[in-house]
Amino acid sequence: MPELPDVEGFRRVLQRHGAGRRIARVAVFDTGVLRNTSARELAGALEGQRFESPDRHGKWLLAHTTGPTLIVHFGMSGALRWCPDDSGRHKHDRAIFVLDRGELRYRDLRKLRGLWLAHTKDDCQHILGEQGPDALAIGPAEFHRRLTRRKRTIKPALTDQRLIAGLGNLLCDEILWQAHVYPELQTSDLSDADVSRLHRIMRRVLRQSLPEGCVPGKPRWLTGHRNAGGRCPRHHSPLRHKPVGGRTTYWCPKCQPAP
DNA sequence: TCAGTTGTTTATAT
DNA sequence: AATATAAACAACTG
């Protein structure tokens, strides 16, 4: 599920339960989630260190420690959980970080992304690749500049992490629906008012999603109606869906008419 | 049985 | 050169 609000939720878990705590033991149950390291190297690098205050950029979580930084990307099915003891471990807990109080668990069904180890700022940059400004931090002017720099289809532009970091498939559909923008509209066809409205609504959707730790399927939101027979919460007309930019896209043809 | 899945990378085409 | 598309990754679920 992880998009910006989910990853921000995982950052809060790490801040609350990890920051300042000593890493007593690292156990990897499935090395398939290790991307640039081995179980032995990860344990050797982190055991005995303490987690510090974590950072997030877009969908990336930077788990700084008194030693190296553990970098986490949750793909489509990852999560970070804290448990007070070693009970109730899950089949998909691929790695655990046993602390001096409780344990953090990296759970991931599909293992599309995983865990990296970074020793320097340079390592971090290299692992994250080219990232635009975080969607929560970007201001209206920079948003306008990056979105309209080139002609692109709006949906794949909004979800391009190099333009703006943090928006995924659900957030993007929600924002476009709330802003009355057709998902295949070309960015060159957006008016200044359109772009300004998109920015405001992006911020509102993010703000309302953050406390939930996900994109909530509120009754008055598009999210939650994206299924067969789903209807627009505004006027109950049938939603349409088709792939845009390779991702299943839902929209309301009445609220978001094609130009 | 088979399509579909909230992410990203790579290769290929335009 | 930049953007678009498709496949691949992996492990399910309905």
Side-chain angles (χ1 to χ4, degrees), chain A residues 1-10 28-36 56-61 71-80 90-95 106-116 124-132 134-135 146-178 183-190 202 205-206 208-210 212-218 221-230 239-251:
Chain A
M1 292 76 92
E3 302 182 49
L4 190 154
D6 310 76
V7 181
E8 181 59 20
F10 303 144
V28 178
F29 303 125
D30 186 336
T31 55
V33 299
L34 303 183
R35 314 309 291 209
N36 73 340
R56 178 194 58 73
H57 188 93
K59 303 172 189 173
W60 290 90
L61 181 62
I71 299 186
V72 189
H73 193 296
F74 297 90
M76 287 213 274
S77 54
L80 186 69
H90 189 275
K91 179 166 80 166
H92 300 135
D93 289 334
R94 310 298 189 178
Y106 177 70
R107 181 176 300 183
D108 193 356
L109 188 157
R110 290 169 69 184
K111 301 185 288 182
L112 291 174
R113 307 298 280 149
L115 309 177
W116 286 255
C124 286
Q125 276 211 341
H126 189 252
I127 291 162
L128 266 60
E130 187 188 347
Q131 295 279 308
D134 188 80
R146 299 185 77 91
L147 206 57
T148 58
R149 191 167 187 75
R150 302 183 197 292
K151 175 177 171 175
R152 293 191 60 178
T153 307
I154 182 66
K155 166 140 181 178
L158 278 175
T159 53
D160 186 341
Q161 304 299 297
R162 295 168 304 181
L163 283 192
I164 300 161
L167 305 183
N169 200 33
L170 293 188
L171 276 171
C172 187
D173 281 5
E174 186 64 46
I175 292 162
L176 291 172
W177 176 76
Q178 291 197 21
E184 285 187 297
L185 194 71
Q186 297 302 115
T187 53
S188 50
D189 291 332
L190 289 166
M202 175 182 78
V205 169
L206 287 171
Q208 297 183 343
S209 298
L210 286 175
E212 316 268 352
C214 67
V215 188
K218 295 177 186 284
W221 281 28
L222 175 75
T223 312
H225 300 275
R226 38 164 56 239
N227 48 52
L239 295 173
R240 293 194 56 192
H241 65 93
K242 72 168 176 179
V244 176
R247 314 305 310 282
T248 301
T249 299
Y250 281 81
W251 79 99

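Chain letters run A, B, ... following the sequence lines, proteins first, then strands; residues in each count from 1.
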K.L.:
Nearest-nucleotide wise, let me know which of A:I127 and A:L170 is further upstream toward the 5' end of DNA chain B.
P.N.:
A:L170
K.L.:
Between C:dA1 and B:dT8, how far is it from one C1' atom to the other, in whole Å?
P.N.:
22 Å
K.L.:
Ignoring hydrogens and angles, are the base of B:dT5 and the side chain of A:R110 linked by a donor-acceptor pair under 3.5 Å?
P.N.:
yes
K.L.:
Ion pair present between A:D134 and A:R56, side-chain N to carboxylate O less than 4.0 angstrom?
P.N.:
yes
K.L.:
Under 30°, 30 to 60°, or over 60°: which ring-plane class applies to A:W60 and A:H73, parallel, tilted or perpendicular?
P.N.:
perpendicular
K.L.:
Measuring only the C1' atom in each nucleotide, how far is B:dT1 from C:dC9? A whole number of Å is fine.
P.N.:
22 Å
K.L.:
Would you classify A:T153 as touching base, sugar-phosphate or nothing, given that sugar-phosphate means primed atoms plus P, OP1 and OP2, and contacts are heavy atoms under 4.0 Å?
P.N.:
sugar-phosphate
K.L.:
Give the nucleotide from the list B:dG4, C:dT3, C:dC9 with an atom nearest to the side chain of A:L112.
P.N.:
C:dC9
K.L.:
Output the single nucleotide from B:dG7, B:dT6, C:dT3 whose closest atom is nearest the side chain of A:R152.
P.N.:
C:dT3
K.L.:
Students often get this wrong, so: under 4.0 angstrom with heavy atoms, is A:K91 touching a base, only sugar-phosphate, or nothing?
P.N.:
sugar-phosphate
K.L.:
Out of B:dT5, B:dT9, C:dA11, which has the shortest distance to the side chain of A:M76?
P.N.:
B:dT5
K.L.:
Partner lookup for B:dT6, please. Criteria are Watson-Crick or G-U wobble with both distances under 3.5 angstrom; report none if nothing qualifies.
P.N.:
none
K.L.:
Would you indicate, yes or no, if B:dT8 has its OP1 or OP2 atom less than 4.0 angstrom from a side-chain nitrogen or oxygen of A:Q161?
P.N.:
yes
K.L.:
Among the nucleotides C:dT3, B:dT9, B:dT6, which one has an atom lying closest to any side-chain atom of A:R150?
P.N.:
C:dT3
